[in-house]
Each structure stands twice: as structure tokens, then as C-alpha cells.
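One structure is given here, and the rest of the page talks about it.
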Amino acid sequence: MGSSFGKEAIGEKTLEMMNKTGLGDLPESCVAMVLMNLDPQDICKMAKLNKAFFGASSADFVWESKLPSNYQQIIQKVFVNDADNSDNFPDYSCKKDIYASLSQFNSLDNGTKKVWLDKNTGGICMAISAKGLSITGIDDRRYWKQIPTEESRFSTVAYLQQIWWFEVTGEVKFPFPVGSYSVFFRLHLGKTYKKFGRRLCNTEQIHGWDIKPVHFQLSTSEGERTVSQCSLESPGKWLHYHIGDFVVENTNVPTRVKFSMTQIDCTHTKGGLCVDSVVIYPSSFKGRLKRF
């Protein structure tokens with residue numbers, strides 16, 4: 001009978017201990033190993049569970065696994081001014097701070113380029129504004145003008161009124177991480193404006209794009225080259241027109257990417273086009289690009 005009472009007492013103590021044991025009792029190192037398998041946004045959500053998860057969510061090895069392998073080169077390019085060799089970035093106390101800083105829209109080249117990490121995947125993204133591109137006739141207000149808009153991350157776009165020789169070219173040199181990337185022109189047929197709070201589109205100057213297609217070209221310092229063409233369509237909507245893809249296999253040197261968009265058939269004029277930017281995303285993002 002005493003033996004039975006002893007077993008019952010031990011069982012009650014064990015049950016009581018099990019009831020008191022929870023996620024907060026897990027070692028931070030074990031929690032951190034689990035968090036490494038989650039996306040960055042999920043890691044931030046899990047950090048709210050308890051102190052153990054909060055502490056583990058700041059572990060350097062967790063966030064280093066989410067950063068690009070050449071993140072130090074990217075930091076140098078984004079935050080160090082080559083002209084005076086001065087550091088513009090703050091002192092980072094941990095890798096989580098580095099990730100958070102790179103996830104913001106960081107400006108380059110006098111604000112004509114923006115670079116950021118996708119918060120979900122850690123993939124590097126870039127946008128080059130119309131002011132960072134070489135556009136034939138851009139300084140002649142008979143052909144082009146800069147118009148302010150809330151629909152661009154650069155706050156202004158280049159608007160083509162009318163021209164015979166349409167040519168837009170650009171180039172970027174950047175330490176892209178290893179991976180496959182896709183390049184797009186972000187374009188809009190027609191000029192948008194607001195009236196009584198409603199978004200409207202003036203299509204009066206749209207002409208010439210249905211006669212001949214626009215030609216796109218892409219080349220890289222690694223010898224890759226793609227050529228394509230398509231007709232511009234869907235007035236009133238921002239569309240991403242695919243220029244081509246490129247692959248980065250070596251991060252020891254920055255990758256140079258050149259791209260262009262032309263319609264140089266001088267038998268007719270063309271006009272009514274907004275040029276916002278060129279964007280470079282990991283190729284896996286193709287299905288995520290929005291149409292406005």
C-alpha cells in the first residue's frame with residue numbers, strides 16, 4: 001500500500017512539472033536552430049511569443065543565414081561613398097540590424113537608383129529611375145518632360161509627348177549575389193491625373209506604338225545577351241515589360257548589366273508614354289510583379 005502511494009505521489013509531481021513546462025523553457029540555442037528554417041517575417045512574429053524566442057530571434061547566425069552571401073560587398077556599395085571614402089552607415093550591433101537596414105529603400109547615385117532586400121526572401125532588388133537612364137531628346141521639352149506622380153517610388157516619371165527616334169538605354173554595375181535575375185522596364189501608356197479624388201488617364205497623345213514593336217536588349221559583363229520585342233499595350237496601367245534574364249555565378253567582381261529599349265523606325269512618330277524605371281528582381285519574383 002505504501003508502494004502504491006509513493007508511485008502516485010511521483011506521478012503527481014511529474015504531472016505538475018509537465019504542466020509548468022512550456023516553450024519558454026526551451027534553450028535559446030535550440031529555438032534559434034528552429035528559427036533558421038523560417039522566413040524573416042515569420043522570425044519576427046515568433047519573437048513575440050516569449051523571452052526565449054525573443055532572444056533567439058536576434059542571434060547573429062540566424063540572420064546571417066538570411067543575408068546574401070556577399071552582404072559585406074553590398075554594404076560597401078550601398079553605404080560607402082567612393083568619392084570621399086567616408087562611411088555613411090551606422091555601427092551595427094548585430095546581423096539583424098544589418099538585415100533591417102538593407103531591407104529599406106537605400107538610394108544610390110544621387111537618388112537615381114534604389115537597392116533593397118526583399119523582406120520575405122532576402123533577395124536583392126534594384127530600381128533605376130528615368131533620371132538614371134540615357135534617354136534620347138530628354139532635355140528637349142518639345143519631346144519629353146518630367147511629371148510628378150505618387151505612382152513612382154522616385155516621385156517623378158519621364159513623359160514622352162512625341163518623338164521620331166525613341167531610344168532609352170542604361171547600365172548598372174553592382175555586386176549582385178549568386179542567382180538568376182530578371183530585368184524589366186516599368187511603363188505606362190497615357191498620362192494619369194486626379195480629379196475629385198479619382199484616378200483618370202489622358203490618352204490623347206498615345207500613338208505610334210501599334211505600328212511597330214519596341215525592341216529590348218540586355219547584355220552583361222559575363223557575356224550573356226538577350227534580344228526581344230513586343231508591342232506596348234493597355235493604356236492606363238503600369239506594366240512591367242520583360243527585357244531579359246541574367247545569371248550571376250561569381251561574386252568576386254561586380255556584375256555589369258546593360259539594357260535598352262528602342263523604336264527607331266523614323267517613318268512615324270510615337271508618344272503618350274510614361275517611363276518610370278528599370279527594375280531588377282530575382283527571377284523567382286516574376287509572378288509577383290503587380291500591374292496597376
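The model shown is predicted, which means the values in this text are computed figures rather than measured ones.
A donor-acceptor pair is defined here as one N or O able to donate and one able to accept, closer than 3.5 Å; no such pair exists between the side chain of Gln162 and the backbone of Thr269. Side chain of Ser65 to main chain of Val62: a donor-acceptor pair is present (N/O by atom type, distance under 3.5 Å, no hydrogens or angles). For the pair Lys270 (side chain) and His268 (backbone), a donor-acceptor distance under 3.5 Å is present. In this structure, the side chain of Asp60 engages the main chain of Lys95 through a donor-acceptor pair within 3.5 Å. Arg199 contributes a side-chain N or O that, together with a main-chain N or O of Gly236, makes up a donor-acceptor pair within less than 3.5 Å. For Asn70 (side chain) and Gln73 (main-chain N/O), no donor-acceptor pair under 3.5 Å exists by modelled atom type. Between the side chain of His207 and the main chain of Trp209, no donor-acceptor pair closer than 3.5 Å is present. Checked by atom type and distance alone, the side chain of Thr121 pairs as donor or acceptor with a backbone atom of Gly123 at under 3.5 Å.
Under the 4.5 Å side-chain heavy-atom criterion for ILVMFWY residues, no single connected hydrophobic cluster contains both Tyr281 and Phe154. Note on Leu117 and Phe61: same hydrophobic cluster, where clusters join Ile, Leu, Val, Met, Phe, Trp and Tyr whose side-chain heavy atoms are under 4.5 Å apart, directly or indirectly. Hydrophobic cluster membership is shared by Val115 and Ile75, with clusters built from Ile, Leu, Val, Met, Phe, Trp and Tyr side chains linked at under 4.5 angstrom. Side-chain heavy atoms closer than 4.5 Å link hydrophobic residues (I, L, V, M, F, W, Y) into clusters, and following such links, possibly through other members, connects Val172 to Phe79.
Between Leu108 and Thr112, the closest side-chain pair of non-hydrogen atoms is not below 4.5 Å. Lys119 places a side-chain heavy atom less than 4.5 Å from the side chain of Ser103. Arg142 is not listed as a side-chain neighbour of Gln161, based on a closest heavy-atom distance of 4.5 Å or more. Side-chain contact between Gln205 and Tyr159: present, with at least one pair of heavy atoms (C-beta onward) separated by less than 4.5 Å.
More than 12 heavy atoms of other residues, nucleotides or ligands shown are found within 6.0 angstrom of CG on Asn250.
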Under 3.5 Å, which donor-acceptor pairs link side chains of residues 163-170 to any protein atom two or more places apart or in another chain?
| from | atom 1 | to | atom 2 | distance (Å) |
| --- | --- | --- | --- | --- |
| Trp165 | NE1 | Glu167 | OE1 | 3.0 |

Listed pairs under 3.5 Å, donor-acceptor, residues 173-185 side chains, sequence neighbours left out:
| from | atom 1 | to | atom 2 | distance (Å) |
| --- | --- | --- | --- | --- |
| Ser180 | OG | Ser283 | OG | 2.9 |
| Tyr181 | OH | Pro177 | O | 2.7 |
| Ser182 | OG | Asp245 | OD1 | 2.7 |
| Ser182 | OG | Ser283 | OG | 3.0 |

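The heavy-atom pair separating Ser107 from Gly111 by the smallest distance is CB-CA, 4.1 Å. Of all heavy-atom pairs spanning Leu189 and Ile206, the tightest one is C-CD1, 3.7 Å. Closest approach of Ser101 and Asn106 over heavy atoms only: O-ND2, 3.2 Å. Closest approach of Ile243 and Gln217 over heavy atoms only: CG2-O, 3.5 Å.
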- Query: Do Glu222 and Arg256 pass the salt bridge (Lys or Arg N to Asp or Glu O under 4.0 Å) test, and can you show the C-alpha distance, the side-chain angles, and the key distance before you say yes or no?
  - Reply: CA-CA 8 Å; Glu222 298 300 313; Arg256 187 184 298 273; over 6 Å; no
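The pair Glu150-Lys194 meets the salt-bridge criterion, since a charged nitrogen lies less than 4.0 angstrom from a carboxylate oxygen.
Side-chain atoms of His242 and Ser228 form no donor-acceptor pair, as typed in the model, at a separation below 3.5 Å.
Residues passing the side chain to side chain contact (heavy atoms under 4.5 Å, CB included) test with Phe105, sequence neighbours excluded: Lys114, Trp116, Arg153.
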